[in-house]
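Okay, structure first, notes after.
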Amino acid sequence: MRLSVNIDHIATLRNARNEFDPDPVEAALLAEKSGAAGIVCHLREDRRHIRDNDLERLRRAVTTKLDLEMAMTDEMQLIALKTRPELVTLVPEKREELTTEGGFDIARHYETLVEFIKPLNDAAIAVSIFIEPDHHAIDLARQAGADMVELHTGIYSLKETEEEREKELENVRHAARYARSLGLSVVAGHGLNYRNAAPFSRIDDIEEVSIGHAIIARAAFTGLENAVREMLVLLGGDA
Ligand code: PXP
């Protein structure tokens with residue numbers, strides 16, 4: 001099980017003072033050094049955390065895999081084509097939300113999505129779509145030309161009883177199997193933390209988890225290297 005680390009909230013903290021520290025690029029390098037398989041950043045329309053200059057610097061510094069999370073807008077498409085991350089993850093984005101609130105509504109945006117993905121594919125940028133663990137959404141992602149899907153685990157993370165969590169996990173497990181059977185790579189993410197992430201390491205069809213908030217929050221107490229390594233151990237690694 002690989003781990004991608006989202007470093008957006010290092011930028012959130014930096015922006016609280018609007019100066020230079022802590023630097024998201026330094027965080028990316030520490031996360032890589034500690035075993036992260038990739039670095040994720042979400043360039044939002046309102047630039048509330050990662051900014052354009054961060055993205056440019058991250059592109060130059062990251063040597064594992066840079067995953068640019070972004071909304072399906074012309075502005076973001078141009079930025080992706082210019083920056084050339086290894087991976088673009090398309091997410092729905094609402095200006096007023098605190099964090100991404102759910103999977104991309106592929107059925108609603110299908111025609112636009114097909115046209116949006118083409119130039120990214122032509123530029124050899126892999127495309128992932130953040131979706132609910134749902135067979136129809138997976139079919140549409142495949143048809144639209146995605147290489148990968150990221151299954152939304154936010155619903156799982158909010159379940160309060162073991163029984164409810166297991167039920168939602170089963171949902172994700174089925175969706176992952178189906179996506180892999182169609183030839184898609186599968187990532188899972190959102191709301192995963194030190195209490196709820198371990199079961200994903202036992203789902204063979206999920207290759208990677210993408211985690212941000214929990215790791216950055218723990219890093220405030222233990223340091224980022226320890227926070228990343230602890231998560232890797234939970235996911236069955238030997239970091
Ligand atoms: N995956 C996607 C698509 C996201 O939008 C986010 C949040 O930015 C994450 C994963 C990470 O979620 P969290 O910060 O809850 O770990």
Side-chain angles (χ1 to χ4, degrees), residues 1-13 27 31 36-44 48-50 67-71 87 89-106 128-134 137-138 141 148-176 179 185-203 205-222 224 227-237:
M1 172 61 67
R2 297 191 306 250
L3 168 67
S4 272
V5 176
N6 179 315
I7 42 85
D8 290 346
H9 294 313
I10 295 289
T12 305
L13 191 55
I39 300 299
V40 188
C41 68
H42 184 174
L43 188 68
R44 281 183 167 268
R48 71 173 72 155
H49 34 59
I50 293 295
D67 175 1
L68 171 60
E69 267 182 29
M70 59 182 222
L87 177 68
T89 298
L90 295 174
V91 296
E93 188 175 305
K94 290 192 215 127
R95 204 171 290 189
E96 66 279 10
E97 71 194 354
L98 289 178
T99 180
T100 315
E101 283 174 352
F104 192 92
D105 185 350
I106 304 200
S128 176
I129 310 178
F130 182 57
I131 55 172
E132 296 303 323
D134 168 85
I138 292 167
M148 188 181 296
V149 286
E150 180 174 333
L151 301 176
H152 178 222
T153 52
I155 294 170
Y156 162 84
S157 74
L158 293 174
K159 295 295 183 197
E160 287 178 1
T161 66
E162 199 47 48
E163 193 185 346
E164 286 176 328
R165 258 195 299 279
E166 186 45 49
K167 201 167 152 213
E168 186 56 27
L169 197 63
E170 192 55 22
N171 215 11
V172 174
R173 208 179 273 127
H174 271 125
S185 300
V186 184
V187 174
H190 209 275
L192 298 182
N193 59 41
Y194 295 85
R195 293 179 302 280
N196 67 17
F200 289 89
S201 66
R202 296 186 285 276
I203 304 181
D205 295 304
I206 297 179
E207 295 157 52
E208 188 170 310
V209 288
S210 171
I211 306 182
H213 185 85
I215 291 177
I216 304 306
R218 178 157 298 207
F221 299 123
T222 67
L224 187 56
V228 171
R229 290 198 180 113
E230 265 184 74
M231 184 57 82
L232 281 168
V233 169
L234 267 177
L235 294 172

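Quick note: residue numbers are just sequence positions, from 1.
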Contact check, side chains of [X] and [Y], non-hydrogen atoms, under 4.5 Å:
| X | Y | answer |
| --- | --- | --- |
| Arg218 | Met231 | no |
| Ile39 | Asp67 | no |
| Ile206 | Met1 | yes |
| Ile203 | Leu169 | yes |
| Ile215 | Asn6 | no |
| Leu90 | Ser128 | no |
| Val40 | Thr89 | no |

For this session: Take the angle between the ring planes of Phe130 and His152 and call it parallel below 30°, perpendicular above 60°, tilted in between.
Result: perpendicular

First locate atom [atom1] of [X], then atom [atom2] of [Y], and finally report the distance between them rounded to the nearest 0.5 Å.
| X | Y | atom1 | atom2 | answer |
| --- | --- | --- | --- | --- |
| Lys167 | Ile155 | NZ | CD1 | 12.0 Å |
| Thr222 | Arg229 | OG1 | CZ | 10.5 Å |
| Ile216 | Leu224 | CD1 | CG | 5.0 Å |
| Glu132 | Ile138 | CD | CD1 | 10.5 Å |
| Ile10 | Ile50 | CD1 | CD1 | 9.0 Å |
| Asp205 | His174 | CG | NE2 | 10.5 Å |

Exercise. Passes side chain to side chain contact (heavy atoms under 4.5 Å, CB included), Ile7 versus Cys41? Steps please.
Worked result: CA-CA 6 Å; Ile7 42 85; Cys41 68; 4.2 Å; yes

Holding to salt bridge (charged side-chain N to carboxylate O under 4.0 Å, His left out), I want the full list of residues that pass it with [X], two or more places apart in sequence or in another chain.
| X | answer |
| --- | --- |
| Glu208 | Arg2, Lys65 |
| Arg165 | Glu162 |
| Glu163 | none |

Problem set entry | Exercise: do Ser157 and Asn196 side chains pair donor with acceptor under 3.5 Å | no

What pair of heavy atoms forms the shortest contact from [X] to [Y], and how long is it?
| X | Y | value |
| --- | --- | --- |
| Leu235 | Ala197 | CD2-O, 3.8 Å |
| Glu164 | Glu160 | OE1-N, 3.2 Å |
| Ile129 | Phe104 | CG2-CB, 3.9 Å |
| Ala176 | Leu151 | N-CD1, 3.7 Å |

For this session: Give the C-alpha distance, both sets of side-chain angles, the deciding distance and a yes or no for side chain to side chain contact (heavy atoms under 4.5 Å, CB included) between Ser4 and Ile211.
Result: CA-CA 6 Å; Ser4 272; Ile211 306 182; over 6 Å; no

For this session: List the steps and the verdict of side chain to side chain contact (heavy atoms under 4.5 Å, CB included) for Glu93 and His42.
Result: CA-CA 10 Å; Glu93 188 175 305; His42 184 174; 2.8 Å; yes

For this session: Answer yes or no: is there a donor N or O on one side and an acceptor on the other, between the side chain of Asp8 and the main chain of His49, under 3.5 Å?
Result: no

Exercise. Taking the side chain from Thr153 and the backbone from Tyr156, do they hold a donor-acceptor pair closer than 3.5 Å?
Worked result: no

Problem set entry | Candidate pair Val5 and Val228, rule side chain to side chain contact (heavy atoms under 4.5 Å, CB included), full reasoning | CA-CA 8 Å; Val5 176; Val228 171; 4.1 Å; yes

